[in-house]
Every structure is written in structure tokens, then in C-alpha cells.
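Worksheet for the structure shown next.
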Amino acid sequence: MSTKEHPAQPSNETVTAAPQKPKKKWGPTLTPKHQTERQQLPIYQARDAIVHAIKRNPTVIIVGETGSGKTTQIPQFLLEADLAQFGAIAVTQPRRVAATSLARRVAEEAGSRLGHRVGYTVRFDDMSCPATKIKYLTDGMLMREILADPLLHRYNYVILDEAHERTLRTDVLFGMLKQIQKERARMVQVNRAEWQKSHSDKPTGPDTTEKQLPDSDPAPTNGDNQATETNDTSVSTSDKRSKRKFVNELKIVVMSATLDAERFSEYFDHARILYVAGRQYPVRIFNAVEPQNDYLDAALVTSLQIHTEQGPGDILLFLSGQEEIESLEKLLLDQRSQLPPNSMDLLVCPIYAALPAAQQAKVFNPTPPNARKIILATNIAETSLTIPGIRYVVDTGVHKIRGYSSRIGIESLLVAPVSKSAARQRAGRAGREAMGYCYRLYTEDTFDELEEDTVPEILRCNLAAATLQLKASGIDDVLGFDYMDRPPKVAMLRALEQLYALGALDDQGKLSKLGRWMAEFPLDPSYAKVLHASQELGCTTEVIDVIALFSIDTLFFMPFDKREEAAEARRKFMHGDGDHLTYLNLQKAYMEVKGDSSWCHDHFVNGRGMRHVQDVRKQIRQVCQRMGVNPNASCGTDFDKVLQCFIRGFFNHTALLQPDGSYKSVVGSQIVHIHPSSSLFGQRREAIFYNELIFTSKLYIRGVSAIQANWIPEAAPRYFQQKSHMLPSQS
DNA sequence: GAGCACTGC
């Protein structure tokens, strides 16, 4: 194996401390303990330089590695520098847990009760109030806030954290925020001109008796944090004065961990880039000398070698999925008995999203003395979870990644090589607490050939939901939207087509009344359409339950050593017509036992998942009530109605039985396979529909129920008028 | 005969 030092933090533009300026009076007082802790963070030295840059520039890009403290400190710097008088600071996160735990920590540091000056807002959980000045929120939540407040008047600063992850939502937010920033700058300009005009033309006129600018400056000037009074153009009114609102410029801060800052800067009109030093320990990289044709075997050999030859510290091994984790777990347990005497014990801990919570928790148990933990993980451990005690990382160099072909409208979930930045992220997991080691099971040449970054999610997913959000937030020209990475035109057109077929867009491509209604719900457009149809068919209560259940991926656990038991437990809920009504049975049973967690455990039901389902269910019911829809309308036992609702949203997801027993999709004429997790697996029914079509080892359909073939054309007459050749002949 | 990870009035 050849060795190479992990690339160190570049220092070309590292910010330096600026001359100290006298501090203003209006900040929270720090407890001495926290003050010392904060001052020890690398970023504290750059405090004034950062504040100065943000004051002087509309947008700033901040690059800082893990441990720099940028996410917790920069919002506090702004607050302490008195820059948040006229608006709050929003800090977005891709994940809920990050938003809530950061808020907790910053509230403590800033001496605020959580939910007062420092708070958070995530789905189902709002710990903020109108006086909240620093608010951590998920990026999806900020998108929701834009729908209600298109210019985000409440905020003076929006900090987009973890921008390098390029989630679908951060990418959409980039374009939206750029536009909001431009519009607010324009309003400030207009207002400044009016203000100057009114003061030079008629110094004793009635306007001078109006409220003065809050900072009592003689006139607003360029630069920092001005607040001016203006007409809110989003409100039409006969009495302008009563509708006047303070508008100030929106400052955007983009925070990223990678070195791809130039692309962010270019996109944000050549924004200033600041680099802050991290506090990551060095990680020594070892590459395979020869290409490995069996990375599972290489992973096994390498981990055992680390275990028997290297000093203390746990091992984190990255694999592509559950199946690989299970098989390697078995192999390691077999090998454990053959370890040389006197060697440490080896504890094998699998972790992936579909693993029951109780077993997930095991990776966080402290490793007992004279033992070593080896954690077998998917990319859940790359960003979502930080596991303490890791000193060694073994990287297979692969992950499973979702893809989407807009040309054929099919999703995929396939094993693929990681990008260089993902490989670096994985290696970094070994250097959180001390110097670490990373063993890459591929050659240095292979590494050099990897893509620089993972393809942004927006380039590999169905855009229907994002397009509906854009339309609903007032951005009509979605083809001309300012994407940082523009999706192919065919992908955008396909999303528009799908929304049109659902009735969310009218013939001119404008958001219809139905589309507006659909956008109010935190649901994919197809599900929102199903919910809408439920009003007409009188089964809203059943449809809400089924939709809520489909909001989680793993309802039933299938542990590989208790497969038969789990299948037996599942049969109790099985409905002959498929998964949708099976799910309804599960929800009914769950309600009868009042969500008892030991009942869930005994029936191999995902208890944590079911609690999430109840939250979703409650939320959809609330939105229904707000929209004047009765969430209690029930079809009794006429369950055909429920399935008929579903095909109003999934009319393009139907398939017909062929003479040879296979199923052929009505749209696209492809042979599709019912997934083994479906209650209809192995069954022959005249016609079926499905929620999801995904290519893995085969073209699988998931969430499958049986229907009558003649329901299909009725479900979407507008769609099938032009495509009548696709329909079953009897209609 | 089998699914990477997130998210939302």
C-alpha cells in the first residue's frame, strides 16, 4: 500500500483578525464558561473580519471545515454586532436533528431560553417566537416560509449551511433567495429615491411628521443593514400609508465545507469568499496497490488486519447497502472465533436507515475495555450521524445512489463509485478526535479518476414537486429559472407535463386553482391529487391514512435471521387487494392498541416509523381542515373508492397482466416486476397500479394494488384522450 | 425473493 497525507486546509485566503473596534452595547451577555469555549474556536479570531465582510457585501461565501464553529458562531457574531435589529437571522440545515441540536447549543451559549432569542423550526416542531433573532430551520421549512412570505420580510440574513451537499431544496433555495435579494434591493432603492425626493422638495410637508427611520440616520446610505420604509408591492391597497412596511436588504451567507467555493461565488455574482480554518486532525490515507475485484473480501481482510495489527480505536467501514452489511456482518462474526488468542474482542455494529432504532443505538454505546467496535455503515455515517471513537475508516469507494431518467420516466437505485469529495468526507470521519487512518480499497489512480463532486440531486430526480413549489411561490418561468446547475430541458418539460396531466397547471402552463390547492400540502403532487379526488369519492379519512403510511419507507422490519416470523406477523394485516388496503389494516390495528411499542416490536412493525406516520396524518388532517376539506369523510367498507382515488393521481402508473403471467406497464409498455415486499408479490391480477417504479436488479414496482382495468381511462380522461392506443381494449 | 440518504402547514 502506498501512503499519502490527507490534503491539508489551504491557506491562500484565510481570514485574519481585523483591528478591534469598540463593541456596541446591545448583545447578550456571555457566561464566562461559554465565553472561554467560544474564544478557543478557530473562527473566533476572524470574528471582526467576517462581520465586516457580511456588512459590506450582499452575499458572502464562507468555506470552513468541520469543527470551525462557523454554524454556531457566525449567527452570534451578527447578533452581537447589532446587525439583526430590523430582521432575524435564518440558518438552514438539510437535516432536522442538526437544526434542533444547533439551536439548543447556541441558545445555551447566548444565554437564551430555547425558543426565545434563539430557536428552531422544523416540521412538527416549532421552538421559535416573533422575538426569535437566530432561527435554525430545515431548508424545506424555509421553502415553506417563502410560500407564505414571498420576500421573507422577517429575515435580514439567510445563512445556507452545508451548501456543498447540494440537496434538491438548497439548490431551489439558491435561485429563490437570489431573486428575493434582487427584489428587496430594488425596493430599497426606490424607497431611498422617494425619501430623498420628499425631503428636498417639501421639507415641511406632511411626510416629515411620519415615523423616522429607525436608526435616525439623516438619510440611508450604501452599506450595512439599512432599513427603510417602503410600499409593499406585494400588497395592493388604496391606503398606501397604512400598508407601509420596513424593507431592508437581504444578506445571503453560503457556508460550505468543500473547496468548490468559486462555483458558488460565480453563481452569486462573484461574491466574496472567506476561508476559515477547521479543527480537524490529520488523517493518513492508504490506497490499495492493486485494483480489488472483490471489495467485500478486501473489506473483510483489511478490517481484520487493522484489528489484529493496529492500536486502539474503532473502525468505520462504508458499504453500499443493507444486503452487503448483513453479509459482511456474518463473515466477520465467523472470523471472530478464529482470532489469535490475547487479541481484543471485536464487536460488529451494523447501521443503516432501515435498521430498528434500538439496534441503531448500539453504535453509540461506549466500546468496552479490551474490545474494538467495527461499524458497518451505509452513507448514513457520512453526514447524518457522527459516531464517536472512530480512528480507522475503511472505504470501499462505492455507494448506492438514486437516479432518474427523465427520458423514460424511471427512477433507479444503483451501486456507483463515490466522488472525490465523498471519499474525503468519509476519510474525515477518522479525524474527529485524534489523528486517524483511512484505508481506501481502491488504487490512487482510481481515486484520481473519480468525479470531483457528487452530481447534485436536482440533476437526478423527478422535478415535479420542485416545479410545483416554484410555480406556487410565484416563479412562473421555471424553464428560465436561475439554477446553479440547470437540469436538462427534457427533465423540466417532463415535470410540467406531469403537473399538467394532474390538473395542477392550466393550458397556458399557469398554476391552476387545483395546483394552488395541491401546493398547500406537504405531499408529492401525485399524492396531493389523490387527496383532492377523495373529496369527490367521499373517502378522505381513509386516503389520508394510506398516504401518511406511504410517507415512510420501511413499515415492516425483515431481519434476515427471523424472516419467517416477520412474514407470518405481516400476514395478519394482509388485504387481498394489495398494499394500500393492507396499510389501512395496519393503521387500524395500530390505533386499536394505541400505538403500543411492544405490540409494534412483536409484529415487526417499525414503531418509530408509525409515530412519524401519526404526525404526518395529524398534519394532513389539519391542513385539510384549514382548506375546508372534511378529514372525516369515510367510505365505510367500500374500499374500491380508495383505490379509485389513488389512480386519479397515479393514472400513469398502471400495468396489465400478460398471458405469460408478467405485467406490462400501460404507459411505456415495459415488463415490470412486483417487489417481493409487496402483498401482491407472486399474484396474478387483471390490472394493477403502483406508487413507485424503480430499477435496481430488475424494474420493480412498489406500493401495488389490484384494480379493474376499466377504471384506468376514467381516472384521467384528459391524459388518455391523446393516448387512447395505450388503453385496454374493452373500454 | 429484496431499498442509499434526507425533507415538508
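Numbers restart at 1 for each chain; the letters A, B, ... are given by sequence-line order, proteins then strands.
Counting any heavy atom pair closer than 4.0 Å across all strands shown, A:Q625 reaches no nucleic acid atom. Counting non-hydrogen atoms under 4.0 angstrom, A:L413 reaches a base of the nucleic acid. Across all strands shown, A:R626 has heavy atoms under 4.0 Å from base atoms, whether or not it also approaches the sugar-phosphate. Residue contacts for A:F124: at a heavy-atom cut-off of 4.0 Å it reaches no nucleic acid atom on any strand shown. Contact annotation for A:R402: base contact, defined as any heavy-atom pair under 4.0 Å involving a base atom. Nucleic acid contact class of A:D615 (heavy atoms, under 4.0 Å, all strands): none. A:T554 comes within contact range of no nucleotide atom at all, as no heavy-atom separation falls under 4.0 Å. No contact: A:Q622 has no heavy atom under 4.0 Å from any strand.
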Take A:Y690 and A:Y700 through the ring pair (Phe, Tyr, Trp, His ring centres under 6.0 Å) test and state the conclusion after the steps.
-> CA-CA 10 Å; A:Y690 46 91; A:Y700 279 114; over 10 Å; no
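Atom-to-atom, CD1 of A:I620 to C1' of B:dC9 comes out at 11 Å; the value is rounded to the nearest Å. In this structure, the CD1 atom of A:I701 is 15 Å from the P atom of B:dA2, given to the nearest Å. Atom pair A:D126:CG and B:dT7:P shows a separation of 17 Å (rounding to whole Å applied). Taking atom CG of A:L468 as the reference point, atom P of B:dT7 lies 21 Å away to the nearest angstrom. The distance between atom CZ of A:R169 and atom P of B:dT7, rounded to the nearest whole Å, is 8 Å. With rounding to whole Å, A:Y527 atom OH is found 18 Å from B:dC9 atom P. Rounding to whole angstrom units, CZ of residue A:F521 and P of B:dC9 are separated by 12 Å.
If you find the closest nucleotide of DNA chain B to A:T696 and to A:V122, the one lying nearer the 5' end belongs to A:T696.
Comparing B:dG8, B:dA2, B:dC6 by their closest approach to the side chain of A:S384 singles out B:dC6. Comparing B:dT7, B:dA5, B:dG8 against the side chain of A:A353 picks out B:dA5 as the nearest. Between B:dG1, B:dC9, B:dA2, one nucleotide has an atom nearer to the side chain of A:F681 than all others, and that is B:dG1.
For B:dA5, the OP1/OP2 oxygens have no side-chain nitrogen or oxygen of A:T167 closer than 4.0 Å.
Checking A:Y120 against A:Q93 by side-chain atom types alone, no donor-acceptor pair falls below 3.5 Å. In this structure, a donor-acceptor pair under 3.5 Å is absent between the side chains of A:R169 and A:Q469.
Atom CZ of A:R611 is separated from atom CD of A:Q614 by 10.0 Å, given to the nearest 0.5 angstrom.
Between A:H603 and A:F573, the ring planes are tilted. Angles from 30° to 60° get that label.
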